[in-house]
2 protein chains.
Amino acid sequence: MSGYDLVRFFDGSTGWIWAAPQSQIYPMLRRMEQAGLIAGDEEARGPRLTRTVYSVTEKGHAELASWLGVAHDAAPPRDPFMVQALNFDMIPAAEAVAVLDAFIAEQDKAAAEAEAHRDRLLRKDTALLKERLSRRDPEEHDRIARLKAHVFDGIAAVARAKAEWAREGQRLLES
Amino acid sequence: MSGYDLVRFFDGSTGWIWAAPQSQIYPMLRRMEQAGLIAGDEEARGPRLTRTVYSVTEKGHAELASWLGVAHDAAPPRDPFMVQALNFDMIPAAEAVAVLDAFIAEQDKAAAEAEAHRDRLLRKDTALLKERLSRRDPEEHDRIARLKAHVFDGIAAVARAKAEWAREGQRLLES
DNA sequence: AGGGTCATGTAACGCGTTACATGATTAC
DNA sequence: GTAATCATGTAACGCGTTACATGACCCT
């Protein structure tokens, strides 16, 4: 992909799992190229405009595989919403209920989107999955699609659990 | 609290919701004091050693209450573990299962800790809750304790859901 | 001619992490 | 006396966010 492709990529469905602003992409691509993890290939797009398409090198692939294969420490938690919820007793109940309303809407939306994406993956109907499958034995295709779909199933399940938790919280606030 | 108190505070049970390294505490305290949100009070602790105990000013309290009362946009997601899970098809299944084993242990531990903390809150048995309740009408005590306990109930429920999701993932990997 | 998309950058500023650094006081 | 705890800082470096900035190409 080119830097521009990545900018759009992180604004799209991948944005639910990992976000990156445009200003980080280009410097990071150069740093990764210097580290030998990716290699850039300049393409002409008209007489003056060029775009640089990067691909993962063997070294980059090896580093990725070794990172994928071992468990990493969880990042320190930093959850502003939980700080809010822990202090709902400091504000009027009606305000807390409204904050939870917004939270519930957000979680329900996230769950629906994750479920929709899960279904697209099971239908093998996303560009990235097709690209991935094209390099794999057809016998593995179903298993790979189910594995990836399962990730979005988990995201949806967590969002549903959070929404349900928030609804219980509203009941507590109103009692 | 003093800076030192806060360092220990963020290493303790609050560390599940918000973490902050020692190096951030002191600069941030000074910035918040400059902003008028907190006020420091120097105490002598021996002939030479002093500690500065900060308390929240009226302005700081007002800012907190107004922040607590409105919904905020969720932070952009950035979940390295999900990136790992999404690419389990790139590594041997046995490695992926081992990564999930570590994840399950982590989530189970987090859930157990959250449940234990929930129970302490219901028993009104934490220093912070006692401090909070001492400034409130005794009639409200049960409601406040239940509200705070509910937050940790939610943390536990999410951790349990994630662990269950990971176990399903292991079944998928082994099939 | 104009707007939309393609394509790539820079600058400022604060947050977060790891590591280094120092000295006082208390308890045994 | 000496080890643990109390107490407070600094430095280096990269990540993340918002905002600013520029120009080429394509379609109507």
Side-chain angles (χ1 to χ4, degrees), chain A residues 1-12 14-55 60 63 67 72-83 127, chain B residues 1-12 14-55 60 63 67 72-83 127:
Chain A
M1 284 192 187
S2 69
Y4 188 72
D5 292 333
L6 287 165
V7 171
R8 286 177 312 164
F9 183 64
F10 285 119
D11 274 344
T14 314
W16 311 330
I17 291 201
W18 197 273
Q22 185 260 12
S23 65
Q24 268 190 288
I25 305 281
Y26 293 99
M28 181 57 86
L29 284 171
R30 262 174 283 134
R31 227 180 310 154
M32 289 175 78
E33 186 168 30
Q34 280 221 319
L37 303 173
I38 58 178
D41 182 32
E42 269 201 21
E43 272 180 12
R45 306 276 292 182
R48 249 169 271 222
L49 192 58
T50 59
R51 68 177 211 148
T52 308
V53 178
Y54 294 89
S55 40
E63 184 131 331
W67 181 82
H72 303 280
D73 289 345
R78 201 161 283 124
D79 190 334
F81 178 75
M82 286 296 161
V83 175
Chain B
M1 285 190 185
S2 68
Y4 188 73
D5 292 334
L6 286 165
V7 170
R8 286 178 311 164
F9 184 64
F10 285 118
D11 274 344
T14 312
W16 311 329
I17 291 204
W18 198 274
Q22 184 260 11
S23 66
Q24 269 190 287
I25 305 281
Y26 293 99
M28 181 59 85
L29 284 172
R30 261 173 284 135
R31 228 182 308 154
M32 290 175 77
E33 187 168 30
Q34 280 221 320
L37 303 174
I38 57 178
D41 182 34
E42 271 201 20
E43 272 179 14
R45 308 275 292 182
R48 249 169 272 224
L49 191 59
T50 60
R51 70 179 210 146
T52 307
V53 178
Y54 294 88
S55 39
E63 183 130 333
W67 181 82
H72 303 280
D73 290 345
R78 202 162 280 125
D79 190 334
F81 178 75
M82 286 294 162
V83 174

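When the P atom of C/dT5 is taken as reference, atom CZ of A/Arg8 falls 11 Å away, rounded to whole Å. If you take CE of B/Met1 and C1' of D/dT8, they are 17 Å apart, rounded to a whole angstrom. Computed from coordinates, the B/Gln22 CD to D/dG9 C1' distance equals 7 Å when rounded to whole Å. C/dT26 atom P lies 12 Å from atom CZ of B/Arg51, rounded to whole Å. A/Asp5 has its CG atom 16 Å from the P atom of C/dT5, to the nearest Å. Across the protein-nucleic acid pair, B/Tyr26 atom OH and C/dC15 atom P stand 18 Å apart, rounded to whole Å. At whole-Å resolution of the value, CH2 in B/Trp18 and C1' in C/dG16 are 11 Å apart. We find that CZ of A/Phe9 is positioned 17 Å from P of C/dA7, with the value rounded to whole Å.
Side-chain contact between B/Trp18 and A/Pro80: present, with at least one pair of heavy atoms (C-beta onward) separated by less than 4.5 Å. Using a 4.5 Å heavy-atom cutoff, the side chains of A/Ile25 and A/Phe10 are in contact.
Residues passing the side chain to side chain donor-acceptor pair (under 3.5 Å) test with B/Trp67 are B/His72, sequence neighbours excluded.
Evaluation of the side-chain hydrogen bond (donor to acceptor under 3.5 Å, both in side chains) test over residues 29-48 of chain B, restricted to residues two or more places apart or in two chains, returns B/Glu43-B/Arg51.
Between the side chain of B/Asp5 and the backbone N or O of B/Ser2 there is at least one donor-acceptor pair closer than 3.5 Å. In terms of modelled atom types and a separation under 3.5 Å, the side chain of A/Tyr4 and the main chain of A/Thr52 share no donor-acceptor contact.
Residue-to-nucleotide contacts include no donor-acceptor pair under 3.5 Å from the side chain of A/Gln24 to the base of D/dT17. For C/dT18, its base sits under 3.5 Å from the side chain of B/Ser23 at one donor and acceptor pair at least.
For the atom pair A/Met1 CE and A/Leu29 CG, the distance stands at 11.0 Å (nearest 0.5 Å).
Remark: A/Arg30, A/Arg45, A/Thr50 in residues 27-50 of chain A come within less than 4.0 Å of DNA chain C through at least one heavy atom.
Looking at which nucleotide of DNA chain D each of B/Val53 and A/Pro21 is closest to, the 5′-most match is held by B/Val53.
Contact check, B/Tyr4 against D/dC6: a side-chain N or O comes under 4.0 Å of OP1 or OP2.
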